[in-house]
Structure formats: C-alpha cells, structure tokens
Number of protein chains: 2
Amino acid sequence: MACTASTASAGKQCFSTRIVRDFQESDLRNLKVDRKRFNDTLHDTCKFGTGQRWGSGQTETGMCRLSLTDSDKEARDWFVQKTKSLGCEVTVDAMGNIFAVRPGRREAPPTFAGSHLDTQPRGGRYDGILGVLSGVEMLQVLNDHAIQTEFPVGVVNWTNEEGARFPIIMVASGVWSGRIPLERAHQLQEVGSGKVTMKSELERIGYLGDTPASHESTPMAAHFELHIEQGPILEATGQKVGVVTTAQAYRWFKVEVQGQEAHTGTTPLNNRADAMLLTSYLIAHSHRLATTHNCVATTGTLEISPGSVNTIPGCVSFTLDVRAPADETLDKIESDMKRDFAALAAGEDIGGLRTGGTRGKPLTVAWQTDANTAATRFHPECVDIVRASAVSVTGSDSLVRDMTSGAGHDSVYTNLQCPTSMIFVPSKDGISHNPVEYTSPEDCAIGAEVLLQSVIRYDRLRSTREAL
Amino acid sequence: MACTASTASAGKQCFSTRIVRDFQESDLRNLKVDRKRFNDTLHDTCKFGTGQRWGSGQTETGMCRLSLTDSDKEARDWFVQKTKSLGCEVTVDAMGNIFAVRPGRREAPPTFAGSHLDTQPRGGRYDGILGVLSGVEMLQVLNDHAIQTEFPVGVVNWTNEEGARFPIIMVASGVWSGRIPLERAHQLQEVGSGKVTMKSELERIGYLGDTPASHESTPMAAHFELHIEQGPILEATGQKVGVVTTAQAYRWFKVEVQGQEAHTGTTPLNNRADAMLLTSYLIAHSHRLATTHNCVATTGTLEISPGSVNTIPGCVSFTLDVRAPADETLDKIESDMKRDFAALAAGEDIGGLRTGGTRGKPLTVAWQTDANTAATRFHPECVDIVRASAVSVTGSDSLVRDMTSGAGHDSVYTNLQCPTSMIFVPSKDGISHNPVEYTSPEDCAIGAEVLLQSVIRYDRLRSTREAL
Ligand SMILES: [Zn+2]
Ligand SMILES: [Zn+2]
C-alpha cells in the first residue's frame, strides 16, 4: 500500500500504514535520525548566544545563553516556530516552560522528550541543547515516516535549568513538579548586581504564559531526557550509551569560619586565628572524607574578609557541594565533616594536617544548608525501555552501561510526577560547563536514536496496556 | 632668673634659661607629657573618621580614615592648624606629606617625630595616630617649658602609609626617600572599582603641595617614630617599651593556580584539576614552611574563578605575605615554596597533605613578586638614644626590650636617608588593624615621653657635635 501521508518526505520509508502498537524490533531498529540534518540544526541554533571561541573551526566556540536573555528568546522563538511547522501545538506556562505536542491517534497526556536550551555563561554546545534538539529531530523523523503514534508525543524546553542567571537550578521543572512555589521562583533575582527578576524577564521576552506551571495543567505520561554525560566514564570504557538508573543525592552547604583580623607582619603564628589557614585545612579534609566515603565534595565559591594582603583574614566563608549516590552516604559525610571541622577549628590535629605547623588560637565554624536533594531512582519501566533502545541502536550490550547521574537534571523533578529516565552519551575528556565541551556527531546521533526509540517504545507500551 | 618666654604656660617648669646642650639626665627625666591633654587630644581627633563601634564607652570605636578622604582632610586640617598655633612653619609636599617645624636656635635640617594619620578601613585609634599625636604633644611640652632646641624639631604626617586606599604601603615616605617614582605614586588608583588617583585626590582635598616630595627638599636630621607594637610580645613579657633595632624583610607574592573548570556532580575526584583544592594544600604548606623557617606567611586575599557552587574552580589566585628578620631566610623559604608548590601541583605528596585523598590531574602554579623589601637595621645612635630614653622614662632596664618590627613603617624609608629608629608600646592582645586595637593611656604617655626625650637627646647630641 502506498504511503499517502502528506508530511512524509520523498524517499523515506513510510510507516503510516501500521500503528506503533504493531511495531516490531526490526521496525524500531530501522528508525534512524538524519545525521546531517540533526548535526546542522544543532550547531546552526548555536548562533543564538555564541560564546567563547576555543578553536578555529566553525563550531569551535562555547555558548553563553543565559536564561531569559535576548539570546534565549531567539532560541525559544526558533523552537516554537520550528515545532509548529512540524505540526505541534505549543503551550507556554507561567515559568516559560515550552511544551510542543504532536497529536497522536488518541487524546491523552503526551510522552515527552525534554531538556533545556539555556547554558552556563561559559558553557558548551551540548549540555541541555542536545536534549531539546534531539526532540525536534524526533518530530522530524516521525513526520518523515508519517508515523502516527497512539498517544501524543511532545518536546519540552525547561526554563533556567542551569541556575546560572537565576540562582536555583532546575527551578522551572521544580515549580511544574510542585516542589518549588511559583512565587519564590518568580521573585528570584538575577545573580550579581542585576535588579531584574525571573518574572520581569519572562514578561520582557514574551514568555510569561497563561497556563499554570504545574503537572496538573500540562501532565506528562513520561519524560525522557537525552543529555551528555558531563563525566569521563563512557569515554574511558569506550561505551556509547549510559542508561541512567539513578541520580545522586546532593547537599549544598555554606561554611563560615570566624577567626580574628590581625596584622600579618606583627602577629606571630601562635597568636593567630587565621580564618584562611583553617579554611585550607577544612577544604583539604573535606576532600579526604569524600575519598573515604567514595563520593565527591567541592568548594566552588569562597569569600575572604577583609581581603587585604597584609591583614590576616578574620572571616572566610565558602561553599561545599557534596554528592553521593545514596542519601545515607551524605548523612554520614555531613556528620563527619561537622565533627572534624569543629575539632580542627578548636586546634586539634586531624589526619596530620596540623603536623609541622604552629598551633594558633581557636576559631569557630558555622554551617548553613542551602540545598538538600535526595537521591533519585528513575522509573524501572522507562529505564528498561532506554536500555532496550540503547542495545538496539548500538547493536551490543557491551556498548551500554547503567549509570548514576552526578548532576541534577529536570528529569529529577519530572520523575516525581511521571515515569522518567535519562540517556547519557560520552563527553570528551569528561568536560562540561566549559566552552570546550564536546560530543561527536556520531555519538549525538546515537543518543537521538535511543531517545526516538524510547519514546516510540513507551507509546507502544501504553498502547498495549490501554487498549481501546 | 624668671621665665620670660611668652609661650610658657603658667605653673610649668621653665627651661628657657638653659640650652638643650646643657640638659642633665635629671632634666630629661623631669620632662613629662600632660597625660590628660594628650589622651583627650588623641581621642578627640578620632572624630575625624570614626569607625566601627565595639564597646559602649565613648572611645570604644575603631577608625575608618582612609587616606585622602574627607575625614583624612579634616584630620590634616586639624594637624596644620594645631601645629601652626604651636609656632610651627608647615610645608606640604607633592605627596601631601605635612612637615610642621618648630624653629631652633640655629637653621639646619630638623629632628623629626613622625608617623601617619591614615588608618585601615577597619582600623583602630592608635596605629599611626599615636605617633603623630605624640609629636604634637611634644611640641606642646616644648612650648609649656619654653624650651629652645639648638636645631629645629618637627612633626611629620606621612600620606597613605597603610596602602589601604592606594595600594602601595608607605608610598609617600617611599617617594620622599627616592625609592618610589613620584609619577607611579601619583597614578595609583583607588582599590576596588574607584576611578580616582592619588594625584586627583591630593588635588581635590587641597594637599597637593608645591614642595617636591624628596629628602633633598625637606631634609631630616633624624626621624623617630612612636608606634604601637601591633604584636603580643610586650604584653606577654610585662614590659613597657620596645627599642626597635630592626624591621623584618618582607616579600609579597601573587600565586596563580590554573586547573580546569568542570561540573562538580559529574567529575570524579580522580578526573579533576581542582584549583581550590590545590590552593588549600599550598596555603597549608606555606604555613608549615613558615613554622620550619621561624618566620611568618599569610594569605590575605584570594580570588576564585568562575565562582559557582557547582563548578570546580578552574583558577584561583591568592597572595602570600612572607616576612622574616633576615633576607637570607626569605631567600630560603621562597625557594622552598617554589619547589614544593610545583611538586604539589604536579601531584606529588608533600608532608602527607595528599595522603588519604584522591590524586587528580596535574595543575600549574605561576608566581609574581609584588613587593620585595630588605631587612632594615635602624641607626645605632638613634637606637641607643631610644634605649636611654626608655630606661629613663620607665626607670628600669627590665621594662625595656630590643625588638624587631614585624610591620613596615615609614621609618623603614626614612632610615635610607637619615638616622632613624622607632619606639614600641604594648598592644592589648597583640591586636592591630582591627577596631578593638588598644593601648592604655598610661602606655601611650610613656611612649610619648620616650619620643620627647629621644628628640631632645638627639638635639643635644647634635649640639655637642656641631658646636658653634
Ligand atoms: Zn544540562
Ligand atoms: Zn602604622
């Protein structure tokens, strides 16, 4: 029977004669993305917010597309126009989240692919962008083959995932999931000296939608997110796809060390309460504890007061970002850190840090918890579907591994309200949040095909379960 | 014979009938400051630039009198008016240094008492201020007793000693001594985001004088500086006066650590080049080396980039202020630090700092020398005079000790061009550069009397040497 769907491109295999419920493994295996088109589109849209150049090649720049800036608006406008042209209905909610939905044979909550179009100020071309653009490519492929899904499928762009401009990460999926109050998100102020808020910027760029930002107003049947690994594991093992089964728990602390300002030249070492020296011990020790507990701890910001070359710092405050696959590990390292930091501040020697130094006067350490997110276990059905899709696309079990996500992602919030899982592809040298972030066109395409299959497989699963 | 000098106050002993050359030890011992007047004036002038309150008492605030600000101008105006009213001729040079000179029986370069009226932003009421105000009290006492010195005596207020607003310490005595070019000093920009320069601020407050800033235009026979110790030694030993024989050598370095930015959640410890973690090792190690070499090392400023909670810092730069009584000690610790910092950056374990941690990727360390000041040996005659004066005022050898100055002072520069020494009085808890800095009224008065005697003794020494 000839393919009659008007949206099917010439020369592409036509699936419109069969419904997804009847797709066989071989049909799924034959669903390919258009690698050139996909790669071209991915890099073409990087003209919206091009960042720092790191090489001479045309695509060898990073990205600086901070959320709700003019470049973000340009990327959003492109996304809306593109998905509409592919037959989608587009909804914008009160957090500026954009839901593009391609109708299915039946009305029901869509199965979504999604991620984020915003980047870090010195970010790369893949973090977030790959997940949204592979969703757009999925829509293209469905149209190419005139595939009618049983239920709607969609692509979602989540606002301000990075938290780089408005300082709560994943804030808009957080509101959607019900975990973050809309008011709090709307009132978030731009970091630095900026005076604008998320709400004023949403209004300014025309993305303050009428639809409530809630899983109740824009329900999802499932959420699949393709993302770069942002770590070195897949590259090191030579594998191609990570099936993300869990996401790490993390806690953010602010530690304030209080000593005493004094003159650097006139104050003997034994008469000092040097807040920076103690801070050095604390950071070195947090790293040892992370090693012991097989987790990670990082100090990314630090403020020193009064900040004069010839004054011993009276006060230092710094952040600790601590992550582990299990909540219990974080409980343990937190209590170890609190115990040992207090001991080090009092002048005790822990692990030989003070050996060979001069004991000074005692200092104090105060703790504040700025974020506390439990470990995520992604939905077993979605995880199984991603695994099956990954094996199908790569052709080998050995190219696929189960992984834990080290970073937070919008999927962590969607998982609270709908079955969710994630797909990882390799990051060169494990580098991310950096202009040189890189994933090869081949790996991007493999990821997009796993995403495509996963959404189709989920639609098929729903079809068999919710038979007419 | 009756005292006829019009400037002598009623009730004060009149010395005008004898010239300083004939002063006996008992005459010197009887020269007392007016303790109430001195203490009142010292604290009264602290209304110019009152700083942070730390207690409920009237004088329990710190000082914030940054150089060449409006409060500094007020303090300068007071100083000029006051010294003129005491019979001085006042000269302002091109660095805003103020020289108030009380004529002697003969024309010649004056013997100076001097220090600085500027303070740290969170400074106290004694550092610098005590040295200038005790000079003013000296003028008062000379007038009270109608003493005619053989040669002129003066009081000098040096500009921007602290380097807190314009970032070279002792910059104006440095220009006077010939060690710092005038142009460089004039062009110094206000720290932080300020756009003003030393020259523009000197002009603005009316203290850009016509006299060249040079020891040739305003020569000194000698320079004596009373200063608080800013350290804990005199308090700990229960002694009253420090005879400052030497000043420490010091070097200021800027160390820049280059690692690699990466995501905190996705980058395993062994794949990191964490600039902040390495910095912690370097600061801890610099402290150990200072302990080993019996000197001091301090990190007072630190900048972390990019400064995001969830990004591993790619770059950290920090200062090291290293001081030792001997230049050779600094040579040795500098070479040890450079060797060990490079080894730690390459991943080696030095002194067990890396033991129990995870070895990551190598980083680099770059050094820049921002200041390099050799050790100072004050003039033996001046030192002997201060010692004799201190024993005379306190009445006991055991209340006096020879000391090394840990801090830099304007006297370090004057010593290059004229015989110089310094007098220390106790600092409570050794604290300075801090609002709670404190020296008792009794100790301030003792110091002022040692200063007064030292200037008189120096005048007497010159008289005997340069007989008519
Ligand atoms: Zn992302
Ligand atoms: Zn001083």
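To find a chain, count down the sequence lines: A is the first, B the second, and so on, and within it residues start at 1.
- Shown here for Asn310(A) and Arg323(B), the closest heavy-atom pair between the two residues is CB-NH2, 3.6 Å.
- In this structure, Gln248(A) contributes its side chain and Gly265(B) its backbone to a donor-acceptor pair below 3.5 Å.
- When heavy atoms are compared at a cutoff of 4.5 Å, Gln260(B) approaches chain A solely by way of its side chain, counted from C-beta outward.
- Checked by atom type and distance alone, the side chain of His287(A) pairs as donor or acceptor with a backbone atom of Thr358(B) at under 3.5 Å.
- No side-chain donor-acceptor contact under 3.5 Å links Asp321(B) to the backbone of Thr264(A).
- Under a 3.5 Å cut-off, the side chain of Arg288(B) and the backbone N or O of Leu353(A) do form a donor-acceptor pair.
- For Thr291(A), the parts lying near chain B are the backbone and the side chain together; criterion is any non-hydrogen pair under 4.5 Å.
- For the residue pair Arg272(B)/Thr298(A), the side-chain donor-acceptor check at 3.5 Å is satisfied.
- Residue contact with chain A, scored on non-hydrogen atoms closer than 4.5 Å, is absent for Ala236(B).
- Heavy atoms closer than 4.5 Å to chain A are found nowhere in Ile233(B), neither backbone nor side chain.
- Looking at Glu303(A), neither its backbone nor its side chain comes within 4.5 Å of chain B, counting heavy atoms on both sides.
- Under the side chain to side chain contact (heavy atoms under 4.5 Å, CB included) test applied with Val309(A), the options Ile169(B), Thr301(B), Thr299(B) reduce to a single match, Thr301(B).
- In this structure, the portions of Ile312(B) lying under 4.5 Å from any heavy atom of chain A include both its backbone and its side chain.
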